[in-house]
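I have placed the structure first, in the form of structure tokens, so that the comments after it can refer back to it.
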Amino acid sequence: CALQPTECFLSQPEEKQESTIKAKRRKKKKISDILEKSAPKPGVPADLQNLLSQHFGENSSVIEIEELKLSDSCFLPANDLTHSFSSYLKEICPKWAKLRKNHKEKKSVVMLVICSSALRSLELIKSMTAFKGDCRVLKLFAKHIKIKEQMNMLEKGVFHIGVGTPGRVKALVEQDGLCLNSTKYMILDWNWRDQKLRRMMDIPEVLYKHLYILYLYSLLSILVPRSWSVRFSFC
């Protein structure tokens with residue numbers, strides 16, 4: 001019998017899958033990718049000076065920017081990353097026992113510790129046990145704590161250390177619940193990173209509120225230089 005003709009099909013080139021195309025596209029760098037490759041290092045005065053200048057520089061004159069600058073004498077040595085939190089505080093505050101004893105003012109704290117979150121605040125409070133002794137520590141963050149409650153506590157009692165977030169500290173200062181004139185030490189939780197590997201200064205909303213507090217301190221150093229003697233340090 002005659003052979004039946006068979007159909008012949010030309011093979012078409014396979015179209016590239018969408019996933020393959022996407023894979024070849026250049027990936028955008030995330031802040032976490034950049035930070036993952038950067039090793040932690042002690043903070044220096046220039047870090048804060050640059051942040052102040054960048055943030056307030058657009059709407060400020062040269063003279064105003066100069067007035068915002070904090071002198072190097074305002075800064076204490078940063079944690080060299082070998083200290084625990086308590087041992088670091090003992091090193092930069094050798095006369096803490098005397099300061100704690102002499103502090104009698106309400107609505108104020110001798111030491112203000114600024115960090116990026118409520119959970120981090122709790123961690124730092126636990127880790128400073130060996131340093132703080134029997135002094136009173138106040139939690140200055142918003143999670144589960146109303147601002148009126150904190151204001152009442154500051155008004156009725158004497159607290160030596162405040163540990164919290166820039167947002168709540170800013171709100172307390174604005175509502176006259178916290179006075180900064182008696183603060184001698186401001187500790188910045190500079191190198192700690194969250195789950196996304198962001199430091200406190202890498203989070204825009206935290207950075208803005210933090211700069212607000214630094215701005216107030218800068219104004220205080222100009223308006224009342226004799227009574228203002230806060231010292232900054234990077235933990």
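Heavy atoms only: backbone and side chains are in, while hydrogens, waters and symmetry mates are out. Computed from a prediction, not measured in an experiment: that's the story for all the values here.
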Residues which pass side chain to side chain contact (heavy atoms under 4.5 Å, CB included) with Val173, listed by chain and number, not counting sequence neighbours: Val169, Leu178, Leu180, Leu216
Same cluster (ILVMFWY, side-chain, under 4.5 Å), Leu138 and Ile145: no
Connected via hydrophobic side-chain network under 4.5 Å: Ile114 and Leu122: no
Spacing of His210 atom NE2 and Ser116 atom OG [to the nearest 0.5 Å]: 11.0 Å
Residues forming a side chain to side chain contact (heavy atoms under 4.5 Å, CB included) with Lys170, sequence neighbours excluded: Glu174, Tyr208, Lys209, Tyr212
Beyond-backbone contact of Cys93 with Leu99, side-chain heavy atoms, under 4.5 angstrom: no
Gap separating the CG atom of Leu154 from the NZ atom of Lys107, nearest 0.5 angstrom: 8.5 Å
Side chain to side chain contact (heavy atoms under 4.5 Å, CB included) involving Ser233 - partner list, sequence neighbours excluded: Leu76, Tyr88, Ile92, Ile187
Nearest-0.5 Å distance that lies between atom CH2 in Trp190 and atom CG in Asn79: 14.0 Å
Value rounded to 0.5 Å, distance of OG in Ser117 from CD1 in Ile203: 8.0 Å
Side chain to side chain contact (heavy atoms under 4.5 Å, CB included) involving Asp80 - partner list, sequence neighbours excluded: Thr82, His83
side-chain contact (heavy atoms from CB on, under 4.5 Å) assessment of Leu140 paired with Phe159: CA-CA 12 Å; Leu140 300 178; Phe159 290 88; over 6 Å; no
side-chain contact (heavy atoms from CB on, under 4.5 Å) assessment of Asp189 paired with Val113: CA-CA 7 Å; Asp189 189 27; Val113 182; 5.5 Å; no
In one Ile/Leu/Val/Met/Phe/Trp/Tyr side-chain cluster, 4.5 Å: Phe141, Met153: no
Thr183 side chain vs Ser108 backbone, donor-acceptor pair below 3.5 Å: no
Closest non-hydrogen atom pair between Ile125 and Lys132, with its separation: O-CE, 4.1 Å
Glu105 side-chain N/O to Val110 backbone N/O, donor-acceptor pair under 3.5 Å: no
Expected output: side-chain His160 to main-chain Met111 donor-acceptor under 3.5 Å: no
Donor-acceptor contact below 3.5 Å, side chain Lys90 vs main chain Phe131: no
Spacing of OG belonging to Ser86 relative to NZ belonging to Lys126, to within rounding of 0.5 Å: 14.0 Å
Verify same cluster id: Met128, Leu119 (apolar side-chain graph, 4.5 Å): no
Side-chain touch Val206/Thr165, heavy atoms, less than 4.5 angstrom: no
Sequence neighbours excluded - side chain to side chain donor-acceptor pair (under 3.5 Å) pairs with any residue from residues 133-149: Arg100-Asp134
Lys184 and His103, any side-chain heavy atoms less than 4.5 Å apart: no
Residue pair Ala142 / Arg168: nearest heavy atoms and the distance that separates them: CB-NH2, 3.1 Å
Arg120/Glu123 ion pair, N-O < 4.0 Å: yes
Partners meeting salt bridge (Lys or Arg N to Asp or Glu O under 4.0 Å) with Asp194 (sequence neighbours left out): Arg198
Transitive ILVMFWY side-chain link Trp96 to Val158, under 4.5 Å: no
Inter-residue atom distance Leu89.CG - Ile161.CD1, 0.5 Å rounding: 7.0 Å
